[in-house]
2 protein chains.
Amino acid sequence: MSLAPLPDAYRQAPFDEGCAPRRLLRLFGGKWVTMILHTLHLLGGASRPGALLRSIPGLSKKMMTQTLRDLEEMGLVARDVRQAMPPVVEYRLTVLGRKMVEPVEMLYRWGAEHAAMLDRVDANLARARKAE
Amino acid sequence: MSLAPLPDAYRQAPFDEGCAPRRLLRLFGGKWVTMILHTLHLLGGASRPGALLRSIPGLSKKMMTQTLRDLEEMGLVARDVRQAMPPVVEYRLTVLGRKMVEPVEMLYRWGAEHAAMLDRVDANLARARKAE
DNA sequence: CTGTATCCTTCACGATACTG
DNA sequence: CAGTATCGTGAAGGATACAG
């Protein structure tokens, strides 16, 4: 899996504080951001909070809404509300959001294809910690 | 940029706590992990700590050594020491490390190619925060 | 069902100073 | 030059209970 030549912008200042890659990683830094984007993408169309919550083991109601709010502010996710009792709420990716999902999908794909490698990394870690 | 069909392992349990993608993201969670891997890769061959430190704005000596130790334990980075005064130390990616660099490079590449999109995300965020 | 408000704990990170 | 030790802080995340 060899990589194509790097674009110019990449060569210029790949290490600066505010460079694009660092900003991207910062954006994905939160524990649930990528999970939620990825799930919204996989479920497709509009998703209700309950479904989202059930789809992501370990995710709490609080962290879900908090993360969704952040994604909303970034313009990656839209929230639709239909007043009723009980209320009906749906979340969906915006156009911008669908584009930002690309790198997330890359990561998920790569991770799934190289699970064995991650096993080795974990095994190395466990052995090293034990040797102390 | 359309994506190929998903591999089976990816379909099976993409949401579980211990699934490969989540482990990958967890591995990259540290603030400096990806930066250091990426830099070791770009510099190529063996790198001295000083050079590394100078290449990554904002990185402190402490966080550098700490992160390098972690990467060593994972088997991604090797440390060569030549006893002398002053001592000569070099870090290089292992075979495993060179493979694990792939997803990092993907992120950097994508980030660089879509800097404008990241600008929009940041602008959205700034506007939303200001509107409060 | 969806969302908010508190409280509390943890730990990742940074600043600083010191050793060989 | 490389590395360690120590202390302090903020922010992220989890548990719980409540509200519309």
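In what follows, chains carry the letters A, B, and so on, assigned in the order in which the sequence lines appear, proteins first and then strands, with residues in each chain numbered from 1.
Rounding to whole angstrom units, CE of residue A/M64 and P of C/dT4 are separated by 10 Å. B/L68 has its CG atom 11 Å from the P atom of D/dT4, to the nearest Å. Counting to the nearest Å, the P atom of D/dA2 and the CE atom of B/M63 are 18 Å from each other. One atom, CG of B/D80, and another, P of D/dG3, lie 12 Å apart when rounded to the nearest Å. Distance A/K61 NZ to C/dC1 P: 9 Å, rounded to the nearest Å. If you measure from atom CD of B/Q66 to atom C1' of C/dC13, you get 8 Å, rounded to the nearest angstrom. The interatomic distance linking A/Q83 (CD) with C/dT2 (P) rounds to 13 Å, in whole Å. In this structure, CG of B/L59 is placed 13 Å from P of D/dG3, rounded to the nearest angstrom.
Side-chain atoms of A/P49 lie closest to C/dT2 of the nucleotides D/dC1, C/dT4, C/dT2. When distances are taken from the side chain of B/K31 to each of C/dG3, C/dC13, D/dC1, the shortest belongs to C/dC13. For B/R48, counting side-chain heavy atoms from C-beta on, the closest listed nucleotide (D/dC18, D/dC1, D/dG3) is D/dC1. For B/W32, the side-chain atoms get nearest to C/dG14 when compared with the rest of D/dG13, C/dG14, C/dG3. When the nucleotides C/dG3, D/dG3, D/dG20 are ranked by their closest atom to the side chain of A/P87, D/dG20 comes out on top. When the nucleotides D/dC1, C/dT2, D/dG3 are ranked by their closest atom to the side chain of B/P86, D/dC1 comes out on top.
Here B/R82 lies out of heavy-atom contact (under 4.0 Å) with every strand. Using a 4.0 Å heavy-atom distance criterion, A/K62 is classed as a base contact. Among the atoms of the strands shown, base atoms are found under 4.0 Å from some heavy atom of B/T65.
The minimum heavy-atom distance linking A/M100 with A/L27 is given by the pair CE-CD1, 3.9 Å. The two residues A/T39 and A/S55 come nearest to each other via the heavy atoms CG2-CB, 3.9 Å. Here the shortest heavy-atom pairing between B/L107 and A/P103 reads CD2-CB, 4.1 Å.
B/V95 and A/M117 fall into different hydrophobic clusters, where Ile, Leu, Val, Met, Phe, Trp and Tyr residues are linked whenever their side-chain heavy atoms come under 4.5 Å apart, directly or through other members.
Inter-residue side-chain proximity for B/V104 and B/H41 is flagged as unmet; no heavy-atom pair is nearer than 4.5 Å.
At the phosphate of C/dT2, neither OP1 nor OP2 sits under 4.0 Å from any side-chain N or O atom of A/R79.
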